[in-house]
Student: 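Attaching a single structure in structure tokens format; questions to follow.
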Amino acid sequence: MPRTGSEPEATPRLLGALEAGGTKFRAAAVSSAGASGVLEIVDSVVVSTSDPDTTLAEVVEFFAAHREIAALGIASFGPVDLDESSPGHGSITGTPKPGWTGARILRRLAQALEVPAGIQTDVEAAAVAEQLLGPQQPPPDQLAYVTVGTGIGAAVAKNGEPLRGRRHSELGHIPVRRVDGDDYPGRCPFHRDCLEGMASGPAVAERWGIDPSEADERDEIWRLEAAYLAQLVRVLCYSVAPDRIVFGGGVGNRPAMADMIRDAGIVELAGYADYSLDLDCFIASPSLGDDSGLLGAALLARTRLSRH
């Protein structure tokens, strides 16, 4: 479905968009032609995440077949070095993904394709896309995007840019209060029972002995999940006060998950600061479906092209 952003790009050339994930890479050629600035995915490919050399070679092969691509945006799993003054800018840092620590995604792809390129985290790109391309007009000033799947990540977009400090945020690793009766130890290799350790997809599978995709009718699973995710809602509300929080990812975007998080959020916020008055529109599923990160990467490519 065509989408439009707030900064039209007049050139008919294509944008390269890459969503780099821990299990798969999704690459796309995206049209951004005309005064309307409409973004439309015209071709895409999914590449399994194996070792960096193999994975990036397949990505380059796809983009090389689209010679009209003028710029590249990358929405990457993390941790990733986003400091443009750093020698390792654009590389993966400290990941538990075997073989990927130190992988210089940005430099390798930019050099191979010989186009301007930029990189954000996958959740930063998704947050920007949901803010600029979502249904709310005018766009919300601040939008938080949370992905819940193999891991948990979150980012805040403010006026079309990621809200970032010295490094990107790692809100999936905040400490959480254990829900009464839950004796699961957690599976984060660094913190054990942080939010990701207690509520990621693999944590759901390990705690309950069932793949999350097969647990649709198990409300007790999802209400416990919502109770942990609502603690992140509270942290976001009382730290950056976003106008909207979007939950995506394989777990976060499952049917009725947003409703359960709203219910748990009302309990968690306890009526303080009036957030509980508008949770129906405040907590939502992605308006762009599974394309939030990919379209966010295309927006980043368009920005890099305009600055080049």
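We're numbering straight along the sequence, starting at 1.
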Student: To the nearest 0.5 Å, what is the distance between CZ on Arg108 and CG on Leu56?
Tutor: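 Separation between the atoms: 5.0 Å.
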Student: Under the 3.5 angstrom rule, does the side chain of Glu196 hit a backbone N or O of Ile152 as a donor-acceptor pair?
Tutor: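 Flag set: sc Glu196 to bb Ile152 pair under 3.5 Å.
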Student: Nearest 0.5 Å, please: how far is CG in Leu15 from CG in Leu305?
Tutor: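 Rounded to the nearest 0.5 Å, the CG-CG separation comes to 6.5 Å.
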Student: Under 3.5 Å, side chain of Arg262 to main-chain N/O of Ile283, donor-acceptor pair present?
Tutor: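 Yes; at least one donor-acceptor contact below 3.5 Å.
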Student: Would Thr95 and Thr101 count as a side-chain hydrogen bond (donor to acceptor under 3.5 Å, both in side chains) if you check the C-alpha gap in whole Å, the side-chain angles of each, and the deciding distance to 0.1 Å?
Tutor: CA-CA 6 Å; Thr95 178; Thr101 296; 5.6 Å; no
Student: Can you sort out the partners of Asp290 under side-chain contact (heavy atoms from CB on, under 4.5 Å), two or more places apart, ordered by chain and number?
Tutor: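 Checked Asp290 against side-chain contact (heavy atoms from CB on, under 4.5 Å); matches are Asn253.
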Student: Does any N or O in the side chain of Thr121 come within less than 3.5 Å of the main-chain N or O of His168, such that one atom is a donor and the other an acceptor?
Tutor: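 Answer holds: no.
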Student: Do the ring centers of Tyr228 and Trp222 come within less than 6.0 Å of each other?
Tutor: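 Between Trp222 and Tyr228, which both carry aromatic rings, the centre distance is not below 6.0 Å.
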Student: What distance separates Asp291 CG from Arg26 CZ, expressed to the nearest 0.5 Å?
Tutor: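 CZ of Arg26 is found 4.5 Å from CG of Asp291.
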Student: Does the Ser239 side chain pair with the main chain of Val235, one donor and one acceptor, at a distance under 3.5 Å?
Tutor: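 Yes, the answer is positive, given that a donor and an acceptor are paired below the 3.5 Å cut-off.
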Student: Measure from the side-chain N and O atoms of Ser91 to the backbone N and O of Gly88, and report whether any donor-acceptor pair falls under 3.5 Å.
Tutor: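 Such a contact is found between Ser91 side chain and Gly88 backbone.
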Student: Can Glu40 and Ser31 be counted as having a side-chain donor-acceptor contact under 3.5 angstrom?
Tutor: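 No, because no side-chain N or O of Glu40 sits under 3.5 Å from a partner of the opposite role on Ser31.
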Student: Is it true that Lys158 and Asp243 have a side-chain N and a carboxylate O under 4.0 angstrom from each other?
Tutor: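 Looking at Asp243 together with Lys158, the answer is no, because their closest N to O distance does not fall below 4.0 Å.
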Student: Looking at Ile261 and Ala230, what are the two nearest heavy atoms and their distance?
Tutor: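 Here Ile261 and Ala230 meet closest at O-CB, 4.4 Å.
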Student: Can you tell whether the side chains of Glu114 and Arg67 come within less than 4.0 Å, N to carboxylate O?
Tutor: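 No, this pair does not count.
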Student: Do you know which two heavy atoms are closest between Gly90 and Val80, and how far apart they sit?
Tutor: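 The answer is C-CG2, 4.2 Å.
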Student: Evaluate the side-chain proximity of Leu195 to Leu171: yes if any heavy-atom separation is below 4.5 Å, no if none is.
Tutor: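 Leu171 does not reach Leu195 side chain to side chain.
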Student: Is it true that a side-chain atom of Arg244 and a backbone atom of Leu143 form a donor plus acceptor pair closer than 3.5 Å?
Tutor: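 No, because the side chain of Arg244 does not come within donor-acceptor range (under 3.5 Å) of the backbone of Leu143.
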Student: Do Ser86 and Asp81 meet the criterion of a side-chain donor-acceptor pair at a distance under 3.5 Å?
Tutor: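 Yes, a side-chain donor-acceptor pair sits under 3.5 Å.
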Student: Salt-bridged, Glu225 to Arg207, with N to O below 4.0 Å?
Tutor: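 Here Glu225 does not pair with Arg207 in a salt bridge, since their nearest N and O are not under 4.0 Å apart.
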Student: For the CD atom on Glu214, are there more than 12 heavy atoms of other groups (residues, nucleotides or ligands in this structure) within a distance under 6.0 Å?
Tutor: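 Yes, because the 6.0 Å sphere around CD of Glu214 holds more than 12 heavy atoms from other groups.
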Student: More than 12 non-hydrogen atoms from neighbouring residues, nucleotides or ligands closer than 6.0 Å to CD on Gln136, yes or no?
Tutor: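 It does: Gln136 CD has more than 12 such atoms within range.
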Student: What about Tyr145 and Phe247, are their ring centers closer than 6.0 Å?
Tutor: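 When the ring centroids of Tyr145 and Phe247 are compared, they turn out to be at least 6.0 Å apart.
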Student: With a 4.5 Å limit on heavy-atom distance, are the side chains of Ile119 and His89 in contact?
Tutor: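 Side-chain contact under 4.5 Å: yes.
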Student: Can you tell me how far CH2 of Trp208 sits from OH of Tyr184, rounded to the nearest 0.5 angstrom?
Tutor: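 If we round to the nearest 0.5 Å, Tyr184:OH and Trp208:CH2 are 12.0 Å apart.
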Student: Under 4.0 Å between a side-chain nitrogen and a carboxylate oxygen: does that hold for Asp182 and Arg177?
Tutor: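 Salt bridge between Asp182 and Arg177, a charged N being under 4.0 Å from a carboxylate O: no.
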Student: Look only at the side chain of Gln142 and the backbone of Val240, and say whether a donor-acceptor pair between them is shorter than 3.5 Å.
Tutor: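 It does hold such a pair.
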Student: What's the spacing between Met198 CE and Arg187 CZ if we round to 0.5 Å?
Tutor: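 With rounding to 0.5 Å, CE (Met198) is 12.5 Å from CZ (Arg187).
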Student: Distance-only, no hydrogens or angles: does the Lys24 side chain make a donor-acceptor pair with backbone N or O of Val46 under 3.5 Å?
Tutor: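 Answer holds: no.
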Student: Counting N and O atoms only, with roles assigned by atom type, does the side chain of His66 sit under 3.5 Å from a partner on the main chain of Leu14, one being a donor and the other an acceptor?
Tutor: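 Pair absent, no side-chain N/O of His66 close to backbone of Leu14.
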Student: Is Arg178 salt-bridged to Asp193, cutoff N-O under 4.0 Å?
Tutor: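 So Arg178 pairs with Asp193 through a salt bridge.
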Student: Among the clusters formed by ILVMFWY side chains lying less than 4.5 Å apart, do Leu236 and Val123 turn up in the same one?
Tutor: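 Cluster IDs for Leu236 and Val123 differ.
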Student: Assess the side chains of Glu130 and Ser287: does a donor N or O sit below 3.5 Å from an acceptor N or O?
Tutor: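 On atom types as modelled, these side chains qualify, holding a pair under 3.5 Å.
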Student: If you measure from the Lys or Arg side-chain nitrogens to the Asp or Glu carboxylate oxygens, is any gap between Glu268 and Arg234 under 4.0 Å?
Tutor: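 A salt bridge links Glu268 with Arg234.
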Student: Quick one: sort the Tyr238 and Tyr272 rings into parallel, tilted or perpendicular, breaks at 30° and 60°.
Tutor: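 Answer is perpendicular, since the angle exceeds 60°.
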Student: With no hydrogens and no angle check, do the side chains of Thr49 and Thr23 hold a donor and an acceptor under 3.5 Å apart?
Tutor: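 No, no side-chain donor-acceptor pair sits under 3.5 Å.
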Student: State whether the side chain of Gln131 and the backbone N or O of Pro140 hold a donor-acceptor pair below 3.5 Å, judged by distance alone.
Tutor: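 Such a contact is found between Gln131 side chain and Pro140 backbone.
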Student: What's the separation between atom CG in Leu300 and atom CG in Leu18, rounded to the nearest 0.5 Å?
Tutor: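 Reported value, rounded in 0.5 Å steps: 11.0 Å.
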